[in-house]
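Just so it is clear, the model here is predicted, and its values are computed rather than measured.
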Amino acid sequence: METLINYFETIPSLHRSLILVGGLTFFWLLEGSLPLVNFKYKKWKHALPNIFFTITTIVINFGLAFMLIGTSDWVKDNQFGIINWIPNLPLWAYVLLGVLLLDFIGAYLAHFVEHKVKPLWMVHLVHHTDHNVDTTTANRHHPLESVIRFVFTLAGVFIIGTPIAIVFLYQSLSLVATQFSHANIKLPNKVDKALSYIIVSPNMHKVHHHYRLPYTDSNYGNIFSIWDRLFGTFMALDPKLIVYGVDTFPDEEANGKIGALLKQPFHKYRKPTTIKSSE
């Protein structure tokens with residue numbers, strides 16, 4: 001565990017880039033042999049706006065990284081934060097608790113708030129208006145959302161007291177986890193269900209991308225599924241019944257254009273419709 005922490009404390013930018021590109025490539029290829037949905041689309045054309053938003057997210061996170069590093073160094077030096085206030089915590093528990101709580105504040109809580117606060121939902125909408133959810137959808141976030149998510153992560157680092165090694169470890173796990181949960185891959189139902197008791201599985205997260213409520217407002221988890229089960233936001237739906245997109249923004253052509261997506265948060269709020277959970 002100590003070796004792992006030492007590695008992530010000084011992980012080279014090249015290695016972080018390899019995790020991003022390697023994960024994307026792996027799941028991209030896997031989608032070709034084990035597809036959940038046989039999309040009738042041009043895969044590269046669909047991926048273009050998603051890759052664009054992946055790049056903007058990288059640029060924003062890189063530009064703001066000094067704040068993350070500064071905060072993590074401060075909490076470490078001052079022994080500030082939840083995990084630093086628990087006496088005699090073994091290293092493995094220190095790391096696990098740090099990653100778990102970062103996943104809660106930086107991902108689950110941020111995601112939940114984005115769905116409940118109208119202006120933030122309009123920003124987050126860009127992620128949901130993908131009509132063909134695959135592994136490239138994982139980082140399809142408007143630049144404004146990248147900033148919002150960064151603020152939640154920064155708050156998490158401060159409250160939890162995570163050193164930069166745990167932050168980088170969490171971000172690496174988060175990256176691969178989201179690529180996995182968004183990937184258009186079909187796992188055996190028993191395997192997917194078993195995984196969903198611990199981590200967010202593909203079938204579990206696809207429910208969140210159903211085009212209508214209440215399913216859109218469920219399964220907010222990023223790495224761990226514990227938060228949805230603990231706070232009652234877990235829902236299940238047969239993958240065959242899932243329709244991707246958002247009912248209030250149904251124009252698939254516009255939702256595939258970078259320019260239109262950049263303007264999407266500035267549209268007037270459109271109230272979504274709700275279906276019965278049995279539908």
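When all heavy atoms of Ile11 and His15 are compared, the pair lying nearest together is CG1-CB, 3.8 Å. Summarising the geometry of Ser196 relative to Ser201, their closest heavy-atom pair is CB-OG, 3.5 Å, with the distance given to 0.1 Å. Across Ile166 and Gly98, no two heavy atoms sit closer than the pair CG2-C, 4.0 Å. Between Tyr170 and Gly106, the shortest heavy-atom contact is OH-C, 4.2 Å. Residues Val207 and Ile242 approach most closely at N-CD1, 3.7 Å, considering heavy atoms. Between Leu102 and Val167, the closest heavy-atom pair is CD1-CA, 4.1 Å.
Side chain to side chain, His46 and Asp130 meet the donor-acceptor criterion of an N or O pair below 3.5 Å. In summary, the side chains of His127 and His208 do not present any donor paired with an acceptor at a separation below 3.5 Å, with no hydrogens or angles considered. Side chains of Thr129 and Gln264: a donor-acceptor N/O pair is present below 3.5 angstrom, by distance only. A donor-acceptor contact under 3.5 angstrom links the side chains of Asp134 and Thr136, judged on distance only. There is a side-chain donor-acceptor pair under 3.5 Å between Thr233 and Tyr108.
By the 4.5 Å heavy-atom criterion applied to side chains, Leu68 and Val157 are counted as neighbours. Here the side chains of Pro202 and Asp192 are in contact, with some heavy-atom distance below 4.5 Å. With a 4.5 Å cut-off on side-chain heavy atoms, Phe53 and Pro143 count as touching. Two residues are said to be in side-chain contact when any heavy atoms from C-beta on lie closer than 4.5 Å; Leu20 and Asn139 meet this criterion. Contact of the Arg140 side chain with the Leu261 side chain is registered, since non-hydrogen atoms from C-beta on lie closer than 4.5 Å. By the 4.5 Å heavy-atom criterion applied to side chains, Phe27 and Val176 are counted as neighbours. Between Ile60 and Phe150 the shortest side-chain heavy-atom distance does not fall below 4.5 Å. Side-chain contact between Asp228 and Ser225 is absent, with no heavy-atom pair separated by less than 4.5 Å.
In this structure, Trp227 has its ring center at least 6.0 angstrom away from the ring center of Tyr220. Ring-centre distance between Phe224 and Phe104: not below the 6.0 Å cut-off.
Asp238 CG: more than 12 foreign heavy atoms inside a 6.0 Å radius. Within a 6.0 Å sphere centred on NZ of Lys116, other residues, nucleotides and ligands contribute more than 12 heavy atoms. For CZ of Phe266, the number of neighbouring non-hydrogen atoms (other residues, nucleotides, ligands) closer than 6.0 Å is greater than 12. Within 6.0 Å of atom CH2 in Trp44, 12 or fewer heavy atoms from other residues, nucleotides or ligands are found, so the atom counts as exposed in its surroundings. More than 12 heavy atoms of other residues, nucleotides or ligands sit less than 6.0 Å from atom CH2 of Trp74. Dense packing is recorded around OH of Tyr41, with more than 12 heavy atoms of other residues, nucleotides or ligands lying under 6.0 Å away. More than 12 heavy atoms of other shown residues, nucleotides or ligands fall within 6.0 angstrom of atom CD in Gln79. Within a 6.0 Å sphere centred on NZ of Lys263, other residues, nucleotides and ligands contribute 12 heavy atoms or fewer.
Distance check, rounded to the nearest 0.5 Å: CG of Leu4 to CG of Leu169 gives 5.5 Å. Atoms CD and NE2, from Glu145 and His111 in turn, are 7.5 Å apart once rounded to the nearest 0.5 Å. Taking CD1 of Ile198 as the start and CD1 of Ile223 as the end, the distance is 13.5 Å to the nearest 0.5 Å. Atom CG of residue Asp247 and atom CG of residue Leu213 lie 7.0 Å apart, to the nearest 0.5 angstrom. Between the CG atom in Asn219 and the CE atom in Met235 there is a gap of 8.0 Å [rounded to 0.5 Å]. With rounding to the nearest 0.5 Å, the separation of OG1 in Thr248 from CE in Met122 is 7.0 Å.
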Pair Phe52-Thr56, side chain to side chain contact (heavy atoms under 4.5 Å, CB included): steps then yes or no: CA-CA 6 Å; Phe52 169 80; Thr56 61; 3.9 Å; yes
Report the C-alpha distance between Ile159 and Ile82 in whole Å, list the side-chain angles of each, state the deciding distance to 0.1 Å, and finish with yes or no for side chain to side chain contact (heavy atoms under 4.5 Å, CB included). CA-CA 7 Å; Ile159 295 168; Ile82 296 171; 4.0 Å; yes
With side chain to side chain contact (heavy atoms under 4.5 Å, CB included) as the test, would you mind laying out the steps for Val113 and Phe152 before giving the verdict? CA-CA 10 Å; Val113 171; Phe152 272 90; 4.1 Å; yes
Trp121 vs His128, side chain to side chain contact (heavy atoms under 4.5 Å, CB included): CA-CA, chis, key distance, verdict: CA-CA 10 Å; Trp121 164 246; His128 277 268; 3.8 Å; yes
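One hydrophobic cluster holds both Phe66 and Ile69 under the rule that ILVMFWY side chains link at heavy-atom gaps under 4.5 Å. A single hydrophobic cluster is seen to contain both Phe8 and Ile83, as judged by linkage of ILVMFWY side chains at heavy-atom distances under 4.5 Å, directly or through other members. Neither Val191 nor Met204 shares a network with the other; the hydrophobic side chains, linked directly or stepwise wherever heavy atoms of I, L, V, M, F, W or Y lie under 4.5 Å apart, form separate groups for each. Hydrophobic cluster membership differs between Val123 and Ile55, with clusters built from Ile, Leu, Val, Met, Phe, Trp and Tyr side chains linked at under 4.5 angstrom. Under the 4.5 Å side-chain heavy-atom criterion for Ile, Leu, Val, Met, Phe, Trp and Tyr, Leu154 and Phe168 are members of the same hydrophobic cluster.
A donor-acceptor pair is defined here as one N or O able to donate and one able to accept, closer than 3.5 Å; such a pair exists between the side chain of His142 and the backbone of Leu262. A donor-acceptor pair is defined here as one N or O able to donate and one able to accept, closer than 3.5 Å; such a pair exists between the side chain of Lys206 and the backbone of Ala183.
For the pair Arg229 and Phe234, the cation-pi test (distance below 6.0 Å, angle within 45°) is passed.
Between His209 and Tyr244, the ring planes lie perpendicular to each other; the angle is over 60°, past the 30° to 60° tilted range.
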